[in-house]
Amino acid sequence: MAGALAVVALVGRFGVTAVAAYGIGMKALYFATMAFYAIRNAATIHTPHVLGSTPDAEVEQRRRAIGRQVLRLALGAGGLAGVVFAVSAAPLMHLFTGDAQVIAAGTVFLRCVGGYLVPIAGVIALGGFLMASGRGARLFAVTVVGITAQTVLGWSLATAIGLTGVWLAMVLSALLQLGLVLRLARLRRPAVRSAASRAPAPPSGPRRAGSARTRSG
């Protein structure tokens, strides 16, 4: 909610038309975010169910596998939503308003928002996965960092390049949040040590042949 209010305040600098376009565009985006939250809820239910029936020695491996599945599904849904909005931006805006200026501004917003939907889908879905696997304690901090970055970047970029800078700030802050969530999730497979690295180290140096001899009296 705080992030949305911050964006509204930034968009409001460009007039009523920009605010109307943003409001209509966000209503359209709710259809996409509902799908993202469905993936999040499924991950919240599926993760503990699977991990609870997994032997302790395999829990971490199975946790990473589930997380990667959730991420792929979320990014795919985000990418699909971004393509749909980019292709149908103008017709969607026509469904809500007949004002040409609002339609033009909203069309630009919906065509730019694909870069936001892909990472934010990953953030939303992995948030459910992290909470279900007992790693969700820092999600609030990730949200605060994302909102702060979005506000600061939005103000700076809007001053530099106009209204498009606000949309770009949304994309960059979502990418930042996704990076932080991925760091928390730790989905990468652990590095496998080679046989050479596991082998014992050779002696530091050859022994002198005469060192082991005893002196004869």
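Residues take their numbers from the sequence shown, with the count starting at 1. Keep in mind it's a predicted model, so treat the numbers as computed, not measured.
Of all non-hydrogen atoms in Arg13 and Thr159, the two that sit nearest each other are NH2-OG1, 3.5 Å. In plain terms, the two heavy atoms of Leu187 and Arg64 that are nearest each other are O-CD, 3.7 Å. Minimum interatomic distance between Ala174 and Tyr116 (heavy atoms only, all atoms of both residues): CB-CD1, 3.8 Å. Looking at every heavy atom in both residues, Ala32 comes nearest to Ala81 through CB-CB, 3.9 Å. Taking all atoms of both residues into account, the shortest heavy-atom contact from Ala185 to Leu130 is CA-CD2, 3.6 Å. Annotation for Val166 and Gly154: closest pair CG2-O, 4.4 Å, computed over non-hydrogen atoms.
One hydrophobic cluster, built from ILVMFWY side chains closer than 4.5 Å, cannot hold both Val83 and Phe85; they sit in different ones. Note on Leu180 and Val171: same hydrophobic cluster, where clusters join Ile, Leu, Val, Met, Phe, Trp and Tyr whose side-chain heavy atoms are under 4.5 Å apart, directly or indirectly. In terms of hydrophobic clustering, with Ile, Leu, Val, Met, Phe, Trp and Tyr side chains grouped at heavy-atom distances under 4.5 Å, Leu184 and Leu75 are assigned to a common cluster. Hydrophobic clustering places Leu95 together with Val113 (ILVMFWY residues linked when any side-chain heavy atoms are closer than 4.5 Å, directly or through intermediates). With hydrophobic clusters built from ILVMFWY side chains whose heavy atoms lie under 4.5 angstrom apart, Val144 does not share a cluster with Val7.
The shortest side-chain heavy-atom distance between Trp167 and Val11 falls under the 4.5 Å cut-off. Within the 4.5 Å cutoff, no side-chain heavy atoms of Leu178 are placed close to those of Val118.
Taken to the nearest 0.5 Å, the CZ atom of Arg63 stands 8.5 Å off from the CG atom of Leu51. Gln61 contributes atom CD, which lies 11.0 Å from atom CD1 of Ile66 (distance to the nearest 0.5 angstrom). To the nearest 0.5 angstrom, Leu126 atom CG is 11.0 Å from Met131 atom CE. Rounded to the nearest 0.5 Å, atoms CD (Gln150) and CH2 (Trp155) are 14.5 Å apart. Between the OG1 atom in Thr33 and the CD1 atom in Ile120 there is a gap of 10.0 Å [rounded to 0.5 Å]. Note that the CG atom of Leu29 and the CG atom of Leu92 stand 9.5 Å from one another [nearest 0.5 Å].
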Next item on the list: Take Arg62 and Val50 through the side chain to side chain contact (heavy atoms under 4.5 Å, CB included) test and state the conclusion after the steps.
Entry: CA-CA 8 Å; Arg62 184 65 62 86; Val50 173; 3.5 Å; yes
Check: Taking it one step at a time, do Leu182 and Leu71 satisfy side chain to side chain contact (heavy atoms under 4.5 Å, CB included)?
Finding: CA-CA 9 Å; Leu182 286 173; Leu71 179 62; 3.7 Å; yes
Checklist line | Candidate pair Leu163 and Tyr22, rule side chain to side chain contact (heavy atoms under 4.5 Å, CB included), full reasoning | finding: CA-CA 10 Å; Leu163 184 58; Tyr22 172 72; over 6 Å; no
Extract all donor-acceptor atom pairs below 3.5 Å that involve side chains of residues 97-112 and protein atoms in other chains or at least two apart in sequence.
residue, atom, partner, partner atom, Å
Thr97, OG1, Asp99, N, 3.1
Asp99, OD1, Gln101, N, 2.9
Asp99, OD1, Val102, N, 3.1
Thr107, OG1, Ile103, O, 2.6

Side-chain donor/acceptor pairs under 3.5 Å, residues 39-47, sequence neighbours excluded:
residue, atom, partner, partner atom, Å
Arg40, NH1, Ile124, O, 3.0
Asn41, ND2, Tyr37, O, 3.3
Thr44, OG1, Arg40, O, 2.8
Thr47, OG1, Ala43, O, 2.7

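Counting only distance, with no hydrogens or angles, the side chain of Ser156 and the backbone of Leu153 share no donor-acceptor pair below 3.5 Å.
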